[in-house]
Structures are given as C-alpha cells and as structure tokens.
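Here the structure comes first, spelled out in structure tokens, and everything after it is commentary.
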Amino acid sequence: MSIAIPCLIKHSHRQQLTGLIVGDCGDKFDVKVDDGVQTISKLYVFPHFPPLKKCKTDHEITPRKKRRKKGTGSGYINWREIKKNGKVYQETWFHYEICDKERQVKSCVYVPKKMRSQI
C-alpha cells in the first residue's frame, strides 16, 4: 500500500521544503522532494494539508427567488369629464393601491390643474 501525504520539512538552519510522505520507516519518513526520495527524521516532517473551502453559513446562502416580490404599491391616472354650471371640464384623478403590512389600501386623489404639467 502506497501513501502520499503532503508535508512540510522544517530544519532549523535550512529553507523550508514541501514534499510528499511516501513511506514510513519507524522513526523516519521516506519523503519525495522534487525528483528524489529522501529519508528524513520524523522530528522535521509535518503533515501539511491545504486549507479547505469554508462552508457557507446560513446568512451567506441566498435563497432562490421563486416569485416576484410585491412592490409598495401601484397606480394609474384617470381623466374625467364633469359639468359645472353648464360647462364641461376635464379633471385628473390619481388612483392608487398601497400594500400595507396587513391590509391593502385603495384610494384616489384629485390632481390640481397646476400639477398636471408634472404628470
């Protein structure tokens, strides 16, 4: 049975090396460094596993969007003709619906003549 465990080789006065542990010889490891295999004391060989990706926590996972979220409301503009003193006038009304926390509010508001240019 062959093994291949990534490791770091740390000597006190030498540069740190990386290798693969390929064999166990009691108090020493056979370590593959570059192209050759060296027998090194277990005191200098440390297993080195690359860090794994962290699992996302619940607050990092975004739920799939199954349906469109409701907006805060909607509305439309309605023009009405009214008769006053025998004359016909155009009035502008804004009808709206607002989704409140627990209920839906439906209403309309008269738009004054001065504000018609902003519509």
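Considering only residues two or more places apart in sequence or on other chains, D24 meets the side chain to side chain donor-acceptor pair (under 3.5 Å) condition with K42. Y76 meets the ring-ring contact (aromatic ring centres under 6.0 Å, His included) test with H95; sequence neighbours excluded. When the side chain to side chain donor-acceptor pair (under 3.5 Å) test is applied to T39, the partners found at least two apart in sequence or on another chain are D30. Not counting sequence neighbours, H48 has no partner by the ring-ring contact (aromatic ring centres under 6.0 Å, His included) test. Residues that satisfy the side-chain contact (heavy atoms from CB on, under 4.5 Å) test with Q15, not counting sequence neighbours, are absent from this structure. Residues satisfying the side-chain contact (heavy atoms from CB on, under 4.5 Å) criterion with L17, sequence neighbours excluded, are I9, V33. Shown here are the side chain to side chain donor-acceptor pair (under 3.5 Å) partners of Q90, two or more places apart in sequence or in another chain: E81. Shown here are the ring-ring contact (aromatic ring centres under 6.0 Å, His included) partners of Y110, two or more places apart in sequence or in another chain: W93.
Members clustered with Y89: I82, by chain and number, using a 4.5 Å side-chain heavy-atom cutoff among hydrophobic residues. Think of F46 as one node in a network of Ile, Leu, Val, Met, Phe, Trp and Tyr side chains linked at under 4.5 Å; it has no links at all.
Contacts classified as salt bridge (Lys or Arg N to Asp or Glu O under 4.0 Å) and involving residues 8-19 (residues at least two apart or in different chains) are not found. Applying the ring-ring contact (aromatic ring centres under 6.0 Å, His included) test to every pair with at least one member in residues 3-31, sequence neighbours left out, gives these pairs: H11-Y44.
Interatomic distance, Y96 OH to K106 NZ, rounded to the nearest 0.5 Å: 13.0 Å.
Scanning all heavy atoms of the two residues, the minimum distance from V31 to V22 falls at N-CG2, 4.5 Å.
In this structure the side chain of V111 never reaches within 4.5 angstrom of the side chain of I77, judged on heavy atoms. Looking at P6 and L20, their side chains come closer than 4.5 Å, going by heavy atoms from C-beta outward.
Hydrophobic clustering of Ile, Leu, Val, Met, Phe, Trp and Tyr side chains at less than 4.5 Å, counting indirect connections, keeps L43 apart from L8.
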